[in-house]
2 protein chains.
Amino acid sequence: MSHTPDMTQAESATIGSGPTKRRTRRSPTLQEKPSVGVDVVIFTVIDSDLKVLLAKREGQPFKGVWSLPGGLVRVRNSGDQGEGIEQAAHRELSEATGLTPGSCFVEQLYTFGKAGRDPRGRVISVAWIALVSPDQGRAIHPGDQGDAQWFSTHEEIPWMRLAFDHAEILDTAVERIRGKLDHSNIAFELVPETFTVAELRDTYEAIKSRTYDARNFRRRFQRMIGEGVVTEAPGKRHRGKARPAKIWRLQR
Amino acid sequence: MSHTPDMTQAESATIGSGPTKRRTRRSPTLQEKPSVGVDVVIFTVIDSDLKVLLAKREGQPFKGVWSLPGGLVRVRNSGDQGEGIEQAAHRELSEATGLTPGSCFVEQLYTFGKAGRDPRGRVISVAWIALVSPDQGRAIHPGDQGDAQWFSTHEEIPWMRLAFDHAEILDTAVERIRGKLDHSNIAFELVPETFTVAELRDTYEAIKSRTYDARNFRRRFQRMIGEGVVTEAPGKRHRGKARPAKIWRLQR
DNA sequence: CCAATAGTGTCTTTGAGACAATATGAC
DNA sequence: GTCATATTGTCTCAAAGACACTATTGG
């Protein structure tokens with residue numbers, strides 16, 4: 001960053017200060033500022049289905065339309081300068097879900113800043129992904145008053161119209177977690193504290209929209225056991241009238 | 001995005017509008033705005049070494065300190081709302097290098113928005129990665145007046161102090177291209193229009209800071225030939241007094 | 001015994017890494 | 001011929017995909 005933000009009207013600010021031989025020097029014009037927001041794509045897996053939390057907009061524009069939870073970053077230009085953008089994301093997540101900040105996985109997704117994406121004025125939005133465990137997910141809005149709700153990314157979302165460019169943000173988010181699924185441990189964020197191999201596999205299938213061969217999947221899981229990534233937990237879990245499964249937990 | 005930006009003093013803006021049962025409703029307080037900038041991490045490979053373009057800061061703070069090229073996004077809150085953030089990145093890239101916008105690979109890296117990262121006031125910076133081919137890279141600042149310069153990421157950068165949080169941004173950028181190297185075609189952006197297998201391998205080695213077995217690397221390359229990713233180009237290239245190598249080019 | 005899911009094992013293919021031998025052109 | 005690099009090929013191992021079989025429970 002080598003910008004010179006326009007702090008006060010009094011300051012004679014120069015816009016930018018990079019390598020400037022070829023740069024057009026601008027007179028001390030004050031650069032107008034955009035609003036900066038955060039939008040959080042909150043995922044969970046319930047009933048072997050990848051779901052996202054949407055909120056119904058209360059004001060114009062897009063009043064009554066479903067949208068990603070989000071809000072403006074709280075900023076000050078003096079003193080402590082307000083909250084960081086990551087902090088803002090955690091705050092919005094917390095407000096949307098009631099979960100205590102820091103209780104689930106949050107990662108920055110992408111920043112959306114095309115001109116015109118908000119009709120009211122220039123808004124640049126830093127989008128985040130949050131992964132909420134099924135336990136927590138089911139607890140959220142157990143029949144809310146209709147202002148926030150889980151939607152299936154496979155059944156409902158494709159047919160919905162979302163506010164602003166939120167459809168694009170959501171698409172980007174789904175692609176991101178799909179891409180990371182096989183090369184990271186994010187799946188464990190979308191599974192209960194203790195889980196069976198089949199439950200973990202269901203989660204993989206929900207995210208990827210494909211099936212995994214149970215036997216090959218188990219082999220991958222064996223490797224994780226060998227590496228000490230997961231450990232057996234006490235108890236068994238029954239599914240129907242069949243043989244019960246062992247219980248596992250992530251080794252933190 | 002479901003924020004309500006503070007457009008005018010007259011408007012009764014509500015901060016945010018997510019799922020709000022638990023949200024604290026704020027009176028129509030106007031949210032202060034941050035400045036939003038773009039910083040571009042411009043890479044090239046010269047002499048089998050990964051280099052980054054830095055600019056010497058002309059003003060306070062960090063006057064005289066090397067920093068990433070960057071500047072503020074040009075924004076308006078009425079009319080066309082100004083330039084998009086990607087457009088701003090291309091503009092900064094163009095200003096720093098003299099290259100025509102769109103002539104090289106640009107991808108968003110990450111957005112840095114901790115409070116206090118700029119002592120002058122709240123600045124949120126969207127960082128970008130640009131990859132410049134050696135041909136273009138060598139042409140840039142062929143002995144400039146010292147305000148912009150290529151630095152070796154392996155030799156010089158580790159010992160330098162950079163302005164703001166630019167060291168962190170640069171680290172993130174290097175990690176990113178290292179991570180993408182083996183799963184994408186970005187290496188071809190850091191190689192001349194036509195190249196030999198050895199040159200491509202040198203580029204891989206420069207980025208990853210490791211050696212690749214020439215024979216195994218060639219096998220990977222063979223696969224790319226089979227997939228039609230690369231095609232043989234006319235001519236041969238000599239390196240020393242040894243056997244000349246075939247020339248290849250990326251199949252766009 | 002039967003139904004249904006849990007768990008184990010085999011065969012094959014693909015790609016990565018280690019390593020040896022041959023080909024070609026400058027000198 | 002010699003030197004230096006280009007190019008081809010072999011062997012081994014790790015991991016993924018396809019697929020068959022045994023184990024354990026409820027009924």
Side-chain angles (χ1 to χ4, degrees), chain A residues 47-48 178-187 191-192 194-249, chain B residues 47-48 178-187 191-192 194-249:
Chain A
D47 299 332
S48 303
R178 280 187 182 165
K180 290 193 71 170
L181 188 61
D182 290 307
H183 307 287
S184 71
N185 285 341
I186 59 168
V191 121
T194 61
F195 52 88
T196 67
V197 179
E199 287 165 359
L200 185 65
R201 181 164 47 84
D202 282 346
T203 295
Y204 270 72
E205 294 182 342
I207 296 173
K208 278 290 192 74
S209 272
R210 52 159 285 205
T211 61
Y212 283 79
D213 182 276
R215 297 159 289 190
N216 294 334
F217 188 88
R218 182 173 299 273
R219 187 165 23 149
R220 285 179 57 177
F221 193 81
Q222 311 266 28
R223 262 194 293 279
M224 289 195 269
I225 300 173
E227 295 162 356
V229 179
V230 288
T231 327
E232 193 166 355
K236 298 180 174 188
R237 192 160 301 173
H238 290 256
R239 191 146 84 163
K241 60 170 181 173
R243 174 180 177 178
K246 290 182 181 171
I247 306 289
W248 304 89
R249 77 157 46 91
Chain B
D47 299 333
S48 303
R178 279 184 183 167
K180 289 194 69 169
L181 188 61
D182 291 307
H183 307 288
S184 70
N185 286 340
I186 60 168
V191 121
T194 61
F195 52 89
T196 68
V197 179
E199 286 165 358
L200 185 66
R201 179 164 48 84
D202 282 346
T203 295
Y204 270 73
E205 294 181 342
I207 296 173
K208 278 291 192 77
S209 272
R210 53 160 284 205
T211 61
Y212 283 79
D213 181 275
R215 297 160 289 192
N216 295 334
F217 188 87
R218 182 172 298 274
R219 188 172 19 162
R220 285 179 56 176
F221 193 80
Q222 309 268 27
R223 263 194 291 279
M224 289 194 269
I225 300 173
E227 296 162 355
V229 179
V230 290
T231 327
E232 193 166 354
K236 299 179 173 188
R237 193 161 299 174
H238 292 256
R239 191 145 85 160
K241 61 170 179 172
R243 174 179 175 179
K246 289 181 182 172
I247 306 289
W248 303 87
R249 77 156 47 91

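Worth saying up front: this structure is predicted, and the values here are computed from it rather than measured. The chains referred to below are lettered A, B, ... by the order of the sequence lines, with proteins before strands, and numbering in each begins at 1.
The minimum heavy-atom distance between B/Asp213 and B/Asn216, with the atom names listed, is OD1-N, 3.0 Å. Heavy-atom minimum distance, B/Thr203 versus B/Ala187: CG2-O, 4.1 Å. Annotation for A/Ala206 and A/Ser48: closest pair CB-O, 3.5 Å, computed over non-hydrogen atoms.
Summarising the geometry, the separation between NZ on B/Lys246 and C1' on D/dT5 is reported as 15 Å, rounded to the nearest angstrom. Straight-line distance from the CZ atom of B/Arg243 to the P atom of D/dA6: 9 Å, rounded to whole Å. The interatomic distance linking B/Arg239 (CZ) with D/dT7 (C1') rounds to 14 Å, in whole Å. Distance B/Leu200 CG to D/dT7 C1': 16 Å, rounded to the nearest Å.
Just one residue in the list A/Arg249, A/Glu199, A/Arg237 forms a side chain to side chain donor-acceptor pair (under 3.5 Å) with A/Thr194, and that residue is A/Arg237.
Taking for each of A/Pro244 and B/Arg201 the nucleotide of DNA chain D with the nearest heavy atom, the 5'-most of the two is the partner of B/Arg201.
At a non-hydrogen distance threshold of 4.0 Å, B/Asp213, B/Arg215, B/Asn216, B/Arg219, B/Arg220, B/Arg223 from residues 206-229 of chain B come into contact with DNA chain C.
A/Arg201 contributes atom CZ, which lies 8.5 Å from atom OG1 of A/Thr196 (distance to the nearest 0.5 angstrom).
Reading DNA chain C from its 5' end, the first and the last nucleotide to sit under 4.0 Å from a heavy atom of chain A are C/dA3 to C/dG9.
Residues B/Arg239 and B/Asp202 are paired through a salt bridge, judged by an N-O separation under 4.0 Å between the basic side chain and the carboxylate. Taking 4.0 Å as the cut-off between side-chain N and carboxylate O, B/Asp182 and B/Arg220 count as a salt-bridged pair.
Residues A/Leu200 and A/Tyr212 are not in side-chain contact: their nearest non-hydrogen atoms beyond the backbone lie 4.5 Å or more apart.
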